Colleague: 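Here it is, the structure, as structure tokens.
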Amino acid sequence: FCSYKGTQPARPGAVRHIFSHHAFVHPYESLENNLWGIGHQSGTFSSLYKSRLRRGKEYCLAPYERKIENGKVKKVRIKGERIEGRFAKDFTELVGTEKNVLLFCKNAEHLDLPDRSVDAVVTDPPYLDNVMYSELSDFFYVWMRLALKDRYPEFEPVLTPKEEEIVKAQGRGKDSKSYLKGMTRVFRECHRILKDDGLLIFTFHHKGDEAWAIVLQALLDAGFYISATYPVRSEMKLSVHILNQESIEYDAIIVCRKRIRGASSDWSSIERKIRDTANHLLKELISLNGKATKMEALVIVMGKCLEFYSKAYPDIRDGQERISTEEALRRVRNILQELAEELE
Ligand SMILES: C[S@@+](CC[C@H](N)C(=O)[O-])C[C@H]1O[C@@H](n2cnc3c(N)ncnc32)[C@H](O)[C@@H]1O
């Protein structure tokens with residue numbers, strides 16, 4: 001279950017695992033790796049055990065931050081910090097004892113948590129049609145299930161849950177509408193469990209503006225506004241998922257709060273704010289990297305547009321005309337188009 005990495009002169013025989021592209025890609029040449037590994041090999045049990053599992057565990061026992069000092073990256077231990085879970089069986093035990101983790105393996109539309117009980121929801125939702133998670137998971141699940149099904153009821157089904165998955169997958173009868181409905185139900189559940197001053201924080205990126213429109217709609221329908229957005233570097237620059245594609249190196253981190261009330265706002269002032277902030281952000285990006293691609297500009301500017309629009313939602317006017325979500329997104333697309341042309 002692997003393929004050649006390609007013709008890198010330094011490592012001509014290197015192999016990579018089958019899911020390096022987040023998809024089933026049929027290799028040109030069939031190839032068999034030595035599962036346990038001999039010497040220096042990539043993708044084998046021994047190298048992954050050391051480079052992923054062991055390193056991860058070591059980090060948990062002695063976590064550190066990366067700090068830049070004199071242009072060099074330094075690892076600085078976080079004193080007294082240790083990432084370890086003491087599992088509670090329900091919410092009462094979690095808040096009333098020294099237990100610190102309550103773990104669920106279930107549909108995020110229904111969480112066994114009381115209303116207004118949590119300070120923050122931090123999540124990483126599916127990005128419309130980017131990755132077919134449940135289909136890819138089945139590859140491993142069927143093997144893991146054999147060992148785990150008698151101990152964990154979550155592993156009883158023969159395959160991973162498909163019905164409840166929030167994704168756009170035309171072949172399975174899941175379209176943009178069902179993705180919107182699912183995302184709205186999950187955001188509503190987040191709204192229910194969050195305290196009134198709580199934060200919903202999630203990462204998002206997508207090339208197409210349909211995905212952004214849906215996420216905005218779902219947030220607004222669930223009663224949130226976007227209080228801040230931050231572009232951050234996403235997957236490793238050298239990831240094959242990113243390389244050689246018009247892919248996005250930036251994720252938007254979107255921070256939301258519960259909407260209390262919306263005062264009436266004027267579209268022209270929102271547009272001015274969007275343009276000012278977008279220009280400022282793009283200049284900053286170019287001064288940091290020497291360039292900004294269209295895709296990067298899109299993630300950064302789109303995040304800001306959604307932030308300003310959702311803060312003013314639902315009563316946004318242009319003169320007498322009330323600006324609907326669709327109309328606002330059409331106008332945002334025009335602003336993006338202009339900015340993209342300036343970058344070219
Ligand atoms: C962007 S991925 C998260 C990846 C994760 N951060 C990681 O690093 O492995 C989105 C996840 O949402 C899951 N998902 C889709 N529908 C869901 C639902 N209704 N309830 C809970 N999770 C769901 C997908 O299976 C996928 O694992």
Side-chain angles (χ1 to χ4, degrees), residues 17-24 48 51-53 55-57 59-60 83 85 101-113 118 120-142 144-145 152-155 157-194 200-208 210-212 214-215 218-219 221-222 230 232-236 239-242 247-256 299 303:
H17 62 86
I18 198 166
F19 287 120
S20 49
H21 285 82
H22 294 183
F24 285 118
L48 290 177
S51 67
R52 302 284 195 280
L53 276 172
R55 243 179 87 209
K57 198 69 199 156
Y59 179 83
C60 288
I83 304 170
V101 174
L102 182 56
L103 185 65
F104 299 123
C105 174
K106 69 193 302 257
N107 189 346
E109 292 175 25
H110 309 286
L111 299 168
D112 297 329
L113 295 171
V118 312
V121 173
V122 182
T123 186
D124 182 17
Y127 307 154
L128 193 68
D129 52 358
N130 264 12
V131 182
M132 299 297 130
Y133 285 104
S134 67
E135 291 171 31
L136 297 178
S137 303
D138 282 339
F139 185 89
F140 302 101
Y141 176 88
V142 290
M144 289 168 70
R145 176 179 175 272
Y152 299 97
E154 293 83 358
F155 282 87
V158 178
L159 294 172
T160 58
K162 302 282 178 304
E163 201 54 39
E164 298 173 333
E165 186 182 16
I166 301 172
V167 67
K168 179 176 172 183
Q170 298 291 14
R172 287 196 273 142
K174 286 181 175 272
D175 56 11
S176 303
K177 251 194 206 145
S178 50
Y179 176 80
L180 167 66
K181 281 191 190 150
M183 289 293 279
T184 311
R185 285 195 296 266
V186 171
F187 286 150
R188 280 205 180 114
E189 184 66 348
C190 298
H191 195 278
R192 180 186 71 75
I193 60 168
L194 268 178
L200 164 65
I201 303 166
F202 64 94
T203 46
F204 200 77
H205 75 221
H206 203 281
K207 281 194 235 175
E210 185 196 13
W212 291 92
I214 295 177
V215 165
L219 280 173
D221 289 349
Y230 303 97
V232 290
R233 281 243 148 171
S234 53
E235 306 199 29
M236 283 185 299
S239 152
V240 268
H241 190 50
I242 295 275
S247 224
I248 303 174
E249 279 183 25
Y250 285 84
D251 271 351
I253 294 199
I254 301 187
V255 183
C256 309
V299 170

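These numbers were taken from a predicted model, which means no experiment stands behind them. In this chain, residues are counted from 1 in sequence order. Note that ligands are numbered from 1 as they come in the structure, with each ligand's atoms numbered from 1 the same way.
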Colleague: Tell me whether Tyr133 contacts the main-chain N or O of Val167 through its side chain, where contact means a donor paired with an acceptor under 3.5 Å.
Modeller: no
Colleague: Counting only heavy atoms, tell me which of Phe104, Tyr179, Tyr133 gets closest to atom 2 (S) of ligand 1.
Modeller: Tyr133
Colleague: Hey, mind stepping through Asp221 and Arg188 against side-chain contact (heavy atoms from CB on, under 4.5 Å) and telling me if it holds?
Modeller: CA-CA 8 Å; Asp221 289 349; Arg188 280 205 180 114; 4.1 Å; yes
Colleague: Are any of the N/O atoms on Glu109, whether in the backbone or the side chain, positioned under 3.5 angstrom from an N/O atom of ligand 1?
Modeller: no
Colleague: Non-hydrogen atoms of Ser134 versus ligand 1: any pair closer than 4.0 Å?
Modeller: no
Colleague: Closest non-hydrogen protein atom to atom 12 (O) of ligand 1, residue and atom name please, with distance?
Modeller: Pro126 CD, 3.7 Å
Colleague: I'd like to know if Glu165 and Lys174 make a salt bridge, using a cut-off of under 4.0 Å between side-chain N and carboxylate O.
Modeller: no
Colleague: Ligand 1 and Asp124, any nitrogen or oxygen pair closer than 3.5 angstrom?
Modeller: yes
Colleague: Might you work through the side-chain contact (heavy atoms from CB on, under 4.5 Å) test for Phe202 and Asp124, ending with a clear yes or no?
Modeller: CA-CA 5 Å; Phe202 64 94; Asp124 182 17; over 6 Å; no
Colleague: Within the supplied structure, the quantity of interest is the number of heavy atoms (other residues, nucleotides, ligands) at a distance under 6.0 Å from Lys181 NZ; does it exceed 12?
Modeller: no
Colleague: Does some side-chain heavy atom of Leu128 sit less than 4.5 Å from a side-chain heavy atom of Trp212?
Modeller: no
Colleague: Please classify the Ser137 to ligand 1 contact at 4.0 Å (heavy-atom distances, strictly less than): side chain, backbone, both or neither.
Modeller: neither
Colleague: Can you find an N/O atom of Val186 closer than 3.5 Å to an N/O atom of ligand 1?
Modeller: no
Colleague: Got the closest protein heavy atom to atom 15 (C) of ligand 1, with its distance?
Modeller: Ile166 N, 3.7 Å
Colleague: Taking Arg145 for its side chain and Leu159 for its backbone only, find out whether a donor-acceptor pair lies under 3.5 Å.
Modeller: no
Colleague: Using a strict 4.0 Å cut-off to heavy atoms of Glu164, name the atoms of ligand 1 that fall inside it.
Modeller: 19 (N)
Colleague: What do the steps show when you test Leu200 against Leu219 for side-chain contact (heavy atoms from CB on, under 4.5 Å), and what is the final call?
Modeller: CA-CA 10 Å; Leu200 164 65; Leu219 280 173; 3.9 Å; yes
Colleague: Could you tell me the residue and atom name of the protein heavy atom closest to atom 21 (C) of ligand 1, and the distance to it rounded to 0.1 Å?
Modeller: Ala108 N, 3.5 Å
Colleague: State the atoms of ligand 1, each with its element, that fall below the 4.0 Å cut-off from a heavy-atom position in Asn107.
Modeller: 18 (C), 19 (N), 20 (N)
Colleague: Given the protein's heavy atoms, is any one of them under 4.0 Å from atom 19 (N) of ligand 1?
Modeller: yes
Colleague: Determine, for Glu189 against Arg192, whether the closest basic-nitrogen to carboxylate-oxygen distance falls under 4.0 angstrom.
Modeller: yes
Colleague: Determine if the distance from atom 23 (C) of ligand 1 to the closest protein heavy atom is below 4.0 Å.
Modeller: no
